[in-house]
Amino acid sequence: MIIDLRSDTVTLPGKAMLAAMHNAPLGDDVFNEDPTVNRLQEYAADMFGMEAALFCPSGTMTNQIAIKTHTSPGDELICDALSHIYNYEGGGISFNSGVQVRLLSGNNGQINATQVEEAINPNFDWLTKTSLVCLENTVNKAGGSIYQFTDIQNIKDVCLNYNLRLHLDGARLFNALVETGESPEQYGKVFDSVSICLSKGLGAPVGSILLGNTEFIARARRVRKVFGGGMRQAGVLAAAGIFALQNNVNRLKEDHEKAQEIGRALEKVEYVNKLLPVETNIVIFEVRPDLHPEIIVEALKRKNILCTTFGKKSIRMVTHMDISHEMCSVVCQSIQEIQL
Ligand SMILES: *Cc1c(COP(=O)(O)O)cnc(C)c1O
């Protein structure tokens, strides 16, 4: 038995999800004629109280489409130095949109309204035009940390004052929502666009959704085609997305409990130097300075437990729906047993 904690993207669709995919009515979505894609988009838009939604192959694509649609070449966007759009999307901000980045160092990947306001360029011909702020919730690189909603609202006020758009990389937004009890509608009201991933903790094999108003999504649709993301009988994938949104949101709590358990096991061992607070389903820990994280990854691999190094000093483990209670117990025990 392999226990795969490398990412929450490794989940496989179960029988019920596969049945939903099998039974989905299909059409050509480039002609807007796939009933299942249309249903997923309407369902997601309703959930967030937003006007429209766009189904895309990946979260990288939904983020990159949002950036392209909100900006013009030569603009600047503001984000935290840990953000996925900056670190893990292959330089797409400059490649796709010709936009430069003003990186801020927030707290656990979270920037605040004062920092944002100070980073906005005044309106002079010779200064770069600031046009977009991007937030991430939960923050992957900060160990799945959760934003305070009031901090987001304060940033929104700054955006309104300076006429900036506000985008959310909500790849794991539902992990935050099940912890805070906040609703998708609250997020729909504050953000000009939201990206959510169906293929992370929600367990769908493929797909992300971009949400916004009707005019924004119409322009985003054109960009999606240019980026090569216009899919044909995509309802077969959208059906998995509908199933995921209807069945797999509340159970994210279980993933968080398992991450907590793993966190508690890591607190007891001497090879861990520092454990980031475990707020959702991501566990990140720094190893003792005299050890290379790869040694621990390899030791766990010999026990059939897969995880990844994260930067030069740390290791990341991610819980998800294919990690059972038994597997979680094996992980906790193995963490304490490995010989270095
Ligand atoms: C996974 C992820 C994405 C999108 O990744 P894809 O693999 O392209 O779907 C975007 N943002 C964050 C924070 C992520 O964790």
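Keep in mind it's a predicted model, so treat the numbers as computed, not measured. Every heavy atom of this structure was used, including side-chain atoms; hydrogens, water molecules and symmetry mates were not. First listed ligand is number 1; within each ligand, the first listed atom is number 1.
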Tell me which donor-acceptor pairs under 3.5 Å the side chains of residues 146-154 have, and how far apart each pair is, sequence neighbours excluded?
| residue | atom | partner | partner atom | Å |
| --- | --- | --- | --- | --- |
| Tyr147 | OH | Ile111 | N | 2.8 |
| Tyr147 | OH | Ile111 | O | 3.1 |
| Asn154 | ND2 | Thr150 | O | 3.3 |

Could you give the side-chain donor-acceptor pairs of residues 38-46 under 3.5 Å, partners two or more places apart or in another chain?
| residue | atom | partner | partner atom | Å |
| --- | --- | --- | --- | --- |
| Asn38 | ND2 | Asn32 | O | 3.1 |
| Asn38 | ND2 | Asp34 | O | 3.4 |
| Gln41 | OE1 | Phe55 | N | 2.9 |

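Only the side chain of Asn63 comes within 4.0 Å of ligand 1, judged by heavy-atom distances.
Regarding atom 11 (N) of ligand 1, its nearest protein heavy-atom neighbour is Asp169 OD2, 2.6 Å. Closest to atom 2 (C) of ligand 1, if we only count protein heavy atoms, is Lys200 NZ, 2.2 Å. The protein non-hydrogen atom at the shortest distance from atom 9 (O) of ligand 1 is Gly59 N, 2.8 Å.
Classification of the Tyr271-Phe285 ring pair by plane angle, with boundaries at 30° and 60°, yields tilted.
The ligand atoms of ligand 1 that sit less than 4.0 angstrom from a heavy atom of Ser58 are 8 (O), 9 (O). The distance from ligand 1 to the heavy atoms of Arg172 drops below 4.0 Å at these ligand atoms: 15 (O).
Considering backbone and side-chain N/O of Ser199, none are found under 3.5 Å from N/O of ligand 1. Close N/O approach between Thr60 and ligand 1 is found [any backbone or side-chain N/O within under 3.5 Å]. In terms of polar-atom proximity, Glu136 is not counted as a contact of ligand 1, lacking any N or O under 3.5 Å from an N or O of the ligand. Taking only nitrogen or oxygen atoms, main chain and side chain alike, Ala171 does not reach within less than 3.5 Å of ligand 1.
Within the cation-pi definition used here (under 6.0 Å to the ring centroid, within 45° of the axis), Lys141 qualifies as a partner of Phe310.
More than 12 non-hydrogen atoms from other residues, nucleotides or ligands lie less than 6.0 angstrom from CG of Asp290.
Atom 15 (O) of ligand 1 lies below 4.0 Å from at least one non-hydrogen atom of the protein.
For Gln115 (side chain) and Ser105 (main-chain N/O), a donor-acceptor pair under 3.5 Å exists by modelled atom type. Side-chain atoms of Lys156 come within 3.5 Å of backbone N or O of Val190 as a donor-acceptor pair.
Side chains of Asn175 and His256 form a contact here, defined as non-hydrogen atoms less than 4.5 Å apart.
Taking a 4.0 Å cut-off on heavy atoms, Met61 fails to register as neighbouring ligand 1.
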